[in-house]
Amino acid sequence: MSTAAAREAVMAVCDEVERVIVGKREAVETVLVAILAGGHILLEDLPGLGKTLLARSLAKVLGLQFARIQFTPDLLPSDLTGATVLDPATRQLTFRPGPVFTQVLLADELNRTPPKTQAALLEAMAEGQVSADGETRILPRPFIVLATDNPIEYEGTYPLPEAQLDRFTARVRLGYLAPADEEEMVRRSLAHRTDPVALRTLTSAAQVLALVAAMDAIEMHPDITSYVVRLVNATRSHPGAEVGASPRGSLALTRMSRGRALLAGRDFVVPDDIKAVAVAALGHRIGVKPELWVRRVTGDDIVTQVLAEVPTPPTRPVVAPDAAIR
């Protein structure tokens, strides 16, 4: 698939999702870029801002199998991955797959379940497989986890461990709507009354994988690659960071910047692509020192400071050798 065709398909998906997600084009694009980067997304924001609706809408428009599981304190790992049960008809033990065997998994309120159940997702997110009863079972492709997290309610919740946060390619916050957008949302609700908007399916699983493969054609100049590494290393040496971004952060930032270039219709990455996705790709990977955490300094703030301090490489056009001689 060419870059132009891939961009046209991606923009059509964003346009279709915007029929139900009002005023959040940038967030929709960031989530879609993370999906094309082959990653998982943590939707962290206040209740009622459309996190679940966004996940359902993307799965529908992309034509992917969708499953939702509500994470609760009594949820067991087998409730997620599946379990071996006795089949009454055959009187034999058979494996019954859990909801993780899907293409888009909505892990709703992930931080409400104990660490043991949270850990059950780690292998699935990192390896695309589930090990149970001594057997490894491959998950469908693509496999995307869209997890939601309520950042303000702490009673009855379990903080996500660093190892799990690092598995998410991006963390996205939707935020409140602007007044004009909220009015538009209310008007649409009145117009449709009780009938939900019927979204069209524009792609299939095979086409999504083709879009992911199309990102391999997006070129990165060595100067841009060096810029990514310098940004990530700067988070590790930042005086406010207890723990900086991991090497997995470098890979996530690289892949997402290629997706941002694709949205812009380019087959090469520029520094602005890196800057556009750096907070989403790196902010959740940084552990802030306790004395700054109580002052509400976040990993996003540290990434923003790093972007301002690390020198930006020049954007130079690629000149053909014979043109340079002239």
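Along the sequence shown, residues are numbered consecutively beginning with 1.
Remark: Arg25 engages Asp15 in a salt bridge, criterion side-chain N to carboxylate O under 4.0 Å. Between Arg266 and Asp273, at least one side-chain N (NZ, or NE/NH1/NH2) sits under 4.0 Å from a carboxylate O, which counts as a salt bridge. Look at Arg260 and Glu29 and you find a salt bridge, because one of the NZ, NE, NH1 or NH2 atoms lies within 4.0 Å of a carboxylate O, short of that distance.
Using modelled atom types, one finds no donor on one side chain facing an acceptor on the other under 3.5 Å when comparing Glu44 with Thr148. No side-chain donor-acceptor contact under 3.5 Å links Asp267 and Thr3. In the model, Thr312 has a side-chain atom that pairs as donor or acceptor with a side-chain atom of Lys275 under 3.5 Å. Thr298 and Asp301 form a side-chain donor-acceptor contact under 3.5 Å, judged by distance and modelled atom types alone.
A single hydrophobic cluster is not seen to contain both Leu251 and Leu262; linkage of ILVMFWY side chains at heavy-atom distances under 4.5 Å, directly or through other members, places them apart. Put simply, Leu32 and Leu53 are part of the same group of oily side chains (I, L, V, M, F, W, Y) that touch within less than 4.5 Å, one to the next. In this structure, Leu42 is not a member of the same hydrophobic cluster as Val243, with clusters built from ILVMFWY side-chain heavy atoms closer than 4.5 Å. Cluster membership for Val17 and Leu199, using ILVMFWY side-chain heavy atoms within less than 4.5 angstrom, is shared.
Between atom CG of residue Leu146 and atom CZ of residue Phe66 there is a gap of 8.0 Å, rounded to the nearest 0.5 Å. Atoms CG and CD1, on Leu54 and Ile21 in that order, are 5.0 Å from each other to the nearest 0.5 Å. Here CD1 of Ile35 is found 10.0 Å from OG1 of Thr169. Values are rounded to the nearest 0.5 Å. Summarising the geometry, atom OG belonging to Ser250 is positioned 7.0 Å from atom CG belonging to Asn233; distances are rounded to the nearest 0.5 Å. Summarising the geometry, atom CZ belonging to Phe101 is positioned 9.0 Å from atom CZ belonging to Phe143; distances are rounded to the nearest 0.5 Å. Going from atom CG of Leu282 over to atom OG1 of Thr304 covers 10.5 Å, rounded to the nearest 0.5 Å.
Contact between Val228 and Thr254 at its shortest, heavy atoms only, is CG1-OG1, 3.8 Å. Minimum heavy-atom separation, Gly249 to Val232: C-CG2, 4.5 Å. Heavy-atom minimum distance, Ile224 versus Pro313: CD1-CG, 4.2 Å. The minimum heavy-atom distance between Leu165 and His284, with the atom names listed, is O-CD2, 3.1 Å. Thr81 approaches Val100 most closely through the heavy-atom pair CA-CG1, 3.8 Å. Between Ala124 and Val130, the shortest heavy-atom distance links the atoms CB-CG2, 4.4 Å.
Checked by atom type and distance alone, the side chain of Arg258 pairs as donor or acceptor with a backbone atom of Met215 at under 3.5 Å. Distance alone, capped at 3.5 Å, is enough to place a donor-acceptor pair between the Arg285 side chain and the Phe168 backbone. Judged by distance alone, with hydrogens and angles left aside, the side-chain atoms of Thr235 form a donor-acceptor pair with the main-chain N or O of Ala245 at under 3.5 Å. In this structure a side-chain-to-backbone donor-acceptor pair under 3.5 Å is missing from Gln65 to Val104. Remark: side-chain polar atoms of Thr102 are not paired, donor with acceptor, to backbone N or O of Leu105 under 3.5 angstrom. His40 places a side-chain N or O within donor-acceptor distance of the main-chain N or O of Met125, the cut-off being under 3.5 Å. Not a single donor-acceptor pair under 3.5 Å links the side chain of Gln129 to the backbone N or O of Glu123. Side-chain N or O atoms of Thr117 include one that pairs as donor or acceptor with a backbone N or O of Leu75 at under 3.5 Å. Of the possible polar contacts, one joining the Thr30 side chain to the Glu26 backbone as a donor-acceptor pair under 3.5 Å is found. Counting only distance, with no hydrogens or angles, the side chain of Thr201 and the backbone of Gly63 share no donor-acceptor pair below 3.5 Å.
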**OP:** Output, in order, the C-alpha distance, side-chain angles, deciding distance and verdict of side-chain contact (heavy atoms from CB on, under 4.5 Å) for His238 and Val306.
**Re:** CA-CA 8 Å; His238 191 281; Val306 165; 4.2 Å; yes
**OP:** Evaluate side-chain contact (heavy atoms from CB on, under 4.5 Å) for Met220 paired with Ser257, printing each intermediate quantity in order.
**Re:** CA-CA 9 Å; Met220 289 190 70; Ser257 65; 4.1 Å; yes
Original post:
Passes salt bridge (Lys or Arg N to Asp or Glu O under 4.0 Å), Arg137 versus Glu135? Steps please.
Top reply: CA-CA 6 Å; Arg137 296 172 174 84; Glu135 185 176 348; 3.2 Å; yes
Subject >> Residues Glu242, Lys289; criterion salt bridge (Lys or Arg N to Asp or Glu O under 4.0 Å); working and verdict >> reply: CA-CA 5 Å; Glu242 189 78 31; Lys289 289 185 176 179; 5.7 Å; no
**OP:** Please report the C-alpha distance between Leu263 and Met11 in whole Å, then the side-chain angles of each, then the deciding distance to 0.1 Å, and finally whether the side-chain contact (heavy atoms from CB on, under 4.5 Å) criterion is met.
**Re:** CA-CA 7 Å; Leu263 285 181; Met11 298 306 286; 3.8 Å; yes
**OP:** Verify side-chain contact (heavy atoms from CB on, under 4.5 Å) between Thr72 and Arg112, making sure each step is shown before the conclusion.
**Re:** CA-CA 5 Å; Thr72 55; Arg112 285 201 176 277; 5.9 Å; no
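With a 4.5 Å cut-off on side-chain heavy atoms, Phe71 and Asp79 do not count as touching. Contact annotation: the side chain of Val172 never approaches that of Lys51 to less than 4.5 Å [non-hydrogen atoms, C-beta and beyond]. The shortest distance between side-chain heavy atoms of Leu80 and Ile69 falls below 4.5 Å. Considering only heavy atoms from C-beta on, Ile41 stays 4.5 Å or farther from Val145 through its side chain.
Environment of CZ in Arg96: sparse, with no more than 12 heavy atoms of neighbouring residues, nucleotides or ligands closer than 6.0 Å. In the displayed structure, Lys60 atom NZ is contacted under 6.0 Å by at most 12 heavy atoms of other residues, nucleotides or ligands.
Judged by the 6.0 Å and 45° rule, Arg230 forms no cation-pi pair with Tyr227.
Looking at residues two or more places apart in sequence or on another chain, you find a side-chain hydrogen bond (donor to acceptor under 3.5 Å, both in side chains) between Arg68 and Gln70, Asp108. For Asp300, the salt bridge (charged side-chain N to carboxylate O under 4.0 Å, His left out) criterion is met by Arg171, Arg173, not counting sequence neighbours.
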